[in-house]
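Comments concern the structure below.
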2 protein chains.
Amino acid sequence: MIKADERREEIADYVIKLGQVRIDDLVEHFGVSRMTIHRHIDRLAQQGVLRKLHGAVTVQPSGLYESAFRYRVTVNRAEKDALARAALDYVEAGQVVMLDDSSTANAVATLLLDVKPLTVVTNSVSTAALLINVDDLDFICLGGQYHGTYNAYIGIVCENAVAQLRANVLICSASAVTGTTAFIQDPNVVRVKQAMMAASVKRILLVDHAKFDRIALHVFDDLTSFDAVLVTEGLGDAQAQSLERAGVKLRIVKTKAS
Amino acid sequence: MIKADERREEIADYVIKLGQVRIDDLVEHFGVSRMTIHRHIDRLAQQGVLRKLHGAVTVQPSGLYESAFRYRVTVNRAEKDALARAALDYVEAGQVVMLDDSSTANAVATLLLDVKPLTVVTNSVSTAALLINVDDLDFICLGGQYHGTYNAYIGIVCENAVAQLRANVLICSASAVTGTTAFIQDPNVVRVKQAMMAASVKRILLVDHAKFDRIALHVFDDLTSFDAVLVTEGLGDAQAQSLERAGVKLRIVKTKAS
DNA sequence: GCATGTTGACGTTAAATTCACATAAAGATA
DNA sequence: TATCTTTATGTGAATTTAACGTCAACATGC
């Protein structure tokens, strides 16, 4: 409920203020059971706000800027989580995974911590904050010009950096989809994403069904270019069948948390 | 994991206080087994805080690592601030400034906020955190493989990214200086710094005088390659004159806070 | 090659975390 | 109001994990 959210926010603020806190300190400070504290911080860790250690929690290492985004919450969180979980089917331990700057891919990053060892490549600052200093995980950040709107590095420097690399799998998202075409609003972002497509063996697109039948300024790519297009449930049967007939490897993901 | 962290911090404090301690003293002082002490100091040595000798540990002389503990951040703070303030003389509004991953350059970044508009380029995550979302400041992050010890992106990806850019001025530091040669400990870091040298019109080196008459593993560059070498006061007159005779554009910076 | 310091493998212990279940509170529905 | 559902919390056992110690093999010679 609301009360739990407030409590979580209090916990996050407390941990962020102190940098690192022992679980028992939290138990004492908030006067609740250890189990409850665990449940709260598990959720905060899922959101990427905190990181759990044995016996303590810390803020994400680059908490400086992460804190500004820490409650940039959860528009369609359930959908993103469902897509992210489904996307794990396309990742195996030991692979090189490329993630774009979408919040959906960011959700994937939190789950990737369970698929180590891995090499992860991204241009997203939020995702970088999640993956820095994780053991058994080789992290490569794509540099470039910082763009606050996307909280990511983009531009020529970024495109060239991508072109030097090869990933087993790319997990990305799009602004809008109409017919079998995916769109992206920003011209510089679309170039980075297209470079990522070219640098990846397998390509997975994650899109909320609400993005269908919309357009954005720039064409990203055709849905048939992806090895899998994961969409949240809610797409009409007729539309789904039409996409599959067009050769799109469509997969509908159930949102409901089992 | 947490208890071990605290124990490691205690050990580090103890060693730093005494300068050099025998392992058996640590065993006795902390009442744990020799093996445990070894494990702790191995980790501290890996973090660059301590150095292992046979039968003893000393503090690591080169105060270059950003990553570790709270006291490390404040080591030689006054010197770094003085150098950073002096370095501002070489930066003008509107220029492109490149900063390396040193904590000294990070100190410069905090002061650059008063020289806007600027374009700043760096591979340091700490510095990136400072400069993200600053108005009137174009920020370009150099990507690459993340290295926790330096809290920076390094490696081939980073070197190539640097090679694409040109900066008006580079502000950087070194691990050690002997004669007219500057050294860097890490082979990958030195390559990034050398790429930065090649990509910059003007080059400024900032070094604490305590780093003189020491060496590190890799040769970075000759002091005469820099357009200015800023050193904190404490260098002997004879040594200063000798450097100037060798063609080094030396500038002694007073540490005393006004 | 001796004495001392160091490393690695393994087992033990203590602790943290998770799980299953029970309880309590808040909302919804009729 | 009564009761039914949903959500938050607590309890204690079961499981997992980390820290440490011991001993034996190895390396080194501040």
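So that the names make sense, note that chain A is the first sequence line, chain B the second, and so on, each numbered from 1.
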What integer distance in Å separates [X]:[atom1] from [N]:[atom2]?
| X | N | atom1 | atom2 | answer |
| --- | --- | --- | --- | --- |
| D25(A) | dA16(C) | CG | P | 11 Å |
| R7(A) | dA26(C) | CZ | P | 14 Å |
| D24(A) | dT17(C) | CG | C1' | 12 Å |
| D42(B) | dG5(C) | CG | P | 16 Å |
| L26(A) | dA16(C) | CG | C1' | 14 Å |
| I41(A) | dT9(D) | CD1 | P | 14 Å |
| R8(A) | dA8(D) | CZ | P | 7 Å |
| F30(B) | dG21(D) | CZ | P | 13 Å |

* H54(B) has a side chain; which of dG10(D), dT6(C), dT7(C) sits nearest to it? ->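 Given the options dG10(D), dT6(C), dT7(C), the side chain of H54(B) is closest to dT6(C).
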
* Nucleotide of dG5(C), dT9(D), dG21(D) approaching T36(B) most closely (side-chain heavy atoms) ->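 Shortest atom-to-atom distance from the side chain points to dG21(D).
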
* **Atom CG of L111(A) with >12 non-hydrogen neighbours under 6.0 angstrom** =>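 Result for CG/L111(A): enclosed.
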
* Asked: Is it the case that more than 12 heavy atoms not belonging to E244(B) sit under 6.0 Å from its CD atom?
  ->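 Enclosed: over 12 neighbouring heavy atoms sit under 6.0 Å from CD of E244(B).
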
* Asked: Between S103(B) and K80(B), do the side chains contain an N or O donor and an N or O acceptor separated by less than 3.5 Å?
  ->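 Per modelled atom types, S103(B) and K80(B) side chains form a pair under 3.5 Å.
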
* Can you check whether any acceptor in the base of dG10(D) is under 3.5 Å from a donor in the side chain of R39(A), or vice versa? =>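 Result: at least one qualifying N/O pair found.
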
* May I ask which nucleotide in the shown strands pairs with dC30(D), Watson-Crick or G-U wobble, both distances under 3.5 Å? =>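 Checking every strand shown, dC30(D) finds no partner, since no pair has both distances under 3.5 Å.
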
* Asked: If we call it a pair only when both distances are under 3.5 Å in a Watson-Crick or G-U wobble match, what pairs with dG1(C)?
  ->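 Result: none.
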
* Asked: Want to settle it: does I23(A) or A56(B) sit nearer the 5' end of DNA chain C, counting the closest nucleotide to each?
  ->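 Residue closer to the 5' terminus by nearest nucleotide: A56(B).
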
* To do: Could you pick out which residue, R34(A) or M35(B), lies toward the 5' side of DNA chain C when each is mapped onto its nearest nucleotide?
  =>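 Checking each residue's closest nucleotide, the 5'-ward one belongs to M35(B).
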
* 4.5 Å side-chain heavy-atom contact, Q194(B) and D221(B) ->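 Sidechains of D221(B) and Q194(B): no contact.
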
* dT28(D) phosphate, OP1 or OP2: any side-chain N/O from K52(B) under 4.0 angstrom? ->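 Result: no.
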
* To do: Could you say whether R22(B) or H40(A) is positioned toward the 5' end of DNA chain D, judged by the nucleotide with the nearest heavy atom to each?
  =>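 Its nearest nucleotide lies further toward 5', so the answer is H40(A).
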
* To do: Between S33(A) and L53(B), just flag the one whose closest nucleotide in DNA chain D comes earlier from the 5' side.
  =>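 Its nearest nucleotide being more 5', the pick is S33(A).
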
* Asked: Only one of D101(B), N188(B), D186(B) forms a side-chain hydrogen bond (donor to acceptor under 3.5 Å, both in side chains) with Y150(B), so which one is it?
  ->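 So the option named by the test is D186(B).
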
